[in-house]
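Right, one structure below, let's go through it.
Hydrogens, waters and symmetry mates play no part in the numbers below; they use all other heavy atoms, side chains included. Order of the sequence lines fixes the chain letters, A, B, ..., with proteins taken first and strands second; residue numbering starts at 1 for each chain. Small disclaimer: the values here were computed from a predicted structure and weren't measured.
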Amino acid sequence: MKLRSRDDQDISARTIDHPVILDGITRTYSSKAGKVHALRGVTHTFAPSSFTAVMGPSGSGKSTLLQCAAGLDRPTSGRVRVGGVDLAGLSEVGLTRLRRDTMGFVFQSYNLLPALTAHDNVALPLRLAGAAPGRSTVRQVLARVGLAELHHRRPSELSGGQQQRVSIARALVSRPHVVFADEPTGALDRSTGRQVLELLRSTVDTEGLTVVMVTHDPVAASYADSVLFLEDGQVVGNLVGADGAQIAAHMSELER
Amino acid sequence: MMLRLSQRNVRRNWTLFAGSFVALGLGVALLALSVILIWSVQAYTATVDPSETDLLLALDDLMAMLGVVSGFSGFMAIFIVASTFSFAVNARQREIGLLRLVGATPKQVRRMVLGESLVVGVLASVAGCALGWLLSPAVLWGLHRRGLAPDAVPLAAPWWPMVIASGIGISVAFLGARVAARRAAKVAPVQALREADAERGRIGVWRALVGVACLAGAVTMLVGVRAGNPELAMVLALFVPEMIVIGLVCLGPLLIPQLVRLLTLGLRGNVLVALARDNLVAMPRRTTSLASPILAISAIAGSLILSLSFAADWDNGVTRQQLEAPVVVSGASPADGDTIRQRGNVAVADNGLLVQVAIGRDGEWDDETFEGVDPTLAADARGTRARKGQLDGLTGRSMAIARSVAWDYGIRLGDTVPVRFEDGTRMRLTVVAEVEDANNLQATFLLPHTLAARHGGEPSDTWFVVPSPGNRAGTLVDELSEDLTDGVAMPADQWVADRDRDTRDDNTLSLFLVLGPSSLYAAIAIANTLLMGSMQRRHEFVATRLVGATEHQVRRLVVIEAGLVAAVALVLGAVTTVMVGSLLRMPMTEGLDDVPLTIPWLSLASIVVACLVIPMVAAVAPARAVLKEASPARAATG
Ligand SMILES: Nc1ncnc2c1ncn2[C@@H]1O[C@H](COP(=O)(O)OP(=O)(O)OP(=O)(O)O)[C@@H](O)[C@H]1O
Ligand SMILES: [Mg+2]
């Protein structure tokens, strides 16, 4: 593992206090058909070491919210602060550095590089950051997601659930403070999905990670500490410590 | 780190890079071959006795030709590497976005793509050098058989040529990949999250500027340079189309979608055509990458073929316009000359004396063939006349030059030119006249007949004969045919037609040499990009099957798309060809009343057919396999 510089330690310290703060963000897409207001003023703080699910009807702006929070997309107005750093002030390279040092990503489609083995896919973020990760570091992370044996396989030789677990291992390997997940269980069957969710849950509990996860599934959302509801680009509710049935009830109310 | 990733990318996605590899490998092979030959010829030239001027001239020509062939192939190689690399980047947008997402900086992505080009460049250089080296003895032998190279040229050691060729090969790969690498660095991390690839038809300011500059430059060169001679026309025909192609490819993402719309204007009722059109219009850059090798080869080959044919037309027009003598004898021996001169029914018998003369310029001596003529006879028989100055003055120590030479050498009327004859005599000749070019009728340098006779001039084997008044040309031909021992007498028309055929045969040979290798690359590159294009779109094909298209329909869709891409490229290629051809023809035909218009339909049509068939076959071949392997049933289960 590479040695963290002073700067990074500062960011880490602050990230632990206030991982991700959204301050009145809006995001407007302009396309030929006219303007689309994907987000209309969202203010929210994702508490440190918390697991938050984001729910809402299709097109309500969940993915946009996630992308703005992670600095993958720039909001039209409003501010995003990650670990006390205002993302608007960062260059493309600065954003990249911040992302690779403090964030991990998991998406519905597994997004592994087809040319690399599972081991090399997991090692990639560290290599890109200029570190030469030891085999054991990578093996440990792969073991955590239960794939120690399959490290030499390429993505095309793994099942969907296994690929998803490799991408979680990749998200965790650089010891990020926040993991953003967009429908990570969307393409998985029930039991594989549960494994993935339990994995995310345990990282929050044992390592103090912050997880923000977009999902459509009330059962998946029930693994989270709190559920943020979005509708039409605005926050319309926040349930804390609810079970699957309560979340489902809330959702069907929204969708009515 | 990035280099290792590059290596793996190339290994895994080797099909994406196969086109670059083959084009570059062949380019390096050709280059290594040319350099080895040039090296050998040069070493050999140094050992040749300076008095063997014919041999030295032939060696010079050989080196010049090798130079043109390798320069030309170099351009095609850069072009193809650039277009296949930009295709390879475009096809991997999601993958590159993903790299960015997991922490690669734009610079690292750029280095990765450049690294890929390095890997391909090194591999291709090694393979190409080996190939070029292995081929060199065979090619030398072939050139010798064709009469283009002397017998005894020994092959030089290949090491330096190989170093040079691989150095150039690797730089070409680097240069070609630069644009693609810059574009790759601009791919945003969110690209990884987009299921649907999306592109905008916008192009950067620089790209637009380069495009416009290339097109404007090309037109200025064509219009501005009043190319009154076929040699300059040939040079322009070699280089201007390349500028136009670069310009069109730069502006392609703006231009090509519009053309696709235009071509499918009345055909939108057909659902497959409409779908093909939408697919192409939605991905302007991808479509441009697919179209560009087709555009390049059709524009370049078409322009060259048409311009050379027009240059031959011009030669033919000039010859017919100037030639006054109704009878021409070719292949005449000196004895035949006497026979012709002594006939009673001949009014004018005009024959030039050919003599090798070295012209002194800036301390160097250039060997040229001069023709000693009698200006009065030449005017009566061959219509030789001065454009500037007076031909009557061609007596004593004087000379006349053709217009193209005046332009080329910068020799002007009234200049005194130092010359050296083969017998060693040196003197200065005053330029008394500038004459119109007429390559078939006279040499480009003329001097007085008596002067040529005094310094070892040999009679040319062609006699231009005018019968005395009252005698018919046909009768004279018949009578001469009986009397001549070696020479063949024929009516002027037939002689002109023979010269025309000779010119066109020569042209065919040079076209074959210049275009052969480039066409081969282009064909490989076209096949490669379209093949890749189809393989890449596996998911899309399956999705199209899922919404109810039959396998047959998907294949038809692929063929229609490839055909449309080829058609658009060919339209642009045809516009280039017509523009270059006609702009070069205009100044050449000026002042001539009767220039034939020969369009080599057969050659042009074969380009069109090849440019349509190769992409369609290449696109549909993998589609068949992909569709078999990925049935909708399988796609539905994931
Ligand atoms: N690139 C884009 N250009 C234009 N409009 C966009 C773009 N991306 C998203 N949108 C629009 O923004 C709105 C929010 O999109 P977003 O992807 O955030 O929805 P979502 O809540 O994630 O939906 P889903 O649950 O279906 O994934 C939608 O109306 C969508 O059409
Ligand atoms: Mg979404």
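Neither the backbone nor the side chain of A:D182 comes within less than 4.5 Å of any heavy atom in chain B.
Residues B:G103 and A:T96 come closest through the heavy atom pair O-CG2, 3.4 Å.
With sequence neighbours excluded, the residues that form a side chain to side chain contact (heavy atoms under 4.5 Å, CB included) with A:L87 are A:V80, A:V82, A:L90, A:L95, A:L98.
Evaluated for a side chain to side chain contact (heavy atoms under 4.5 Å, CB included) with A:R100, the options B:T105, B:L101, B:V102 yield exactly one hit, B:T105.
The number of heavy-atom neighbours closer than 6.0 Å to CZ of A:R144, taken from other residues, nucleotides and ligands shown, is above 12. The environment of CZ in A:R40 is crowded: more than 12 heavy-atom neighbours from other residues, nucleotides or ligands sit within 6.0 Å.
Comparing B:A188, B:A104, B:G97 by heavy-atom pairs within less than 4.5 Å of chain A, the highest count is held by B:A104.
Within the 4.5 Å cutoff, the side chain of B:P189 has heavy atoms near those of the A:E92 side chain.
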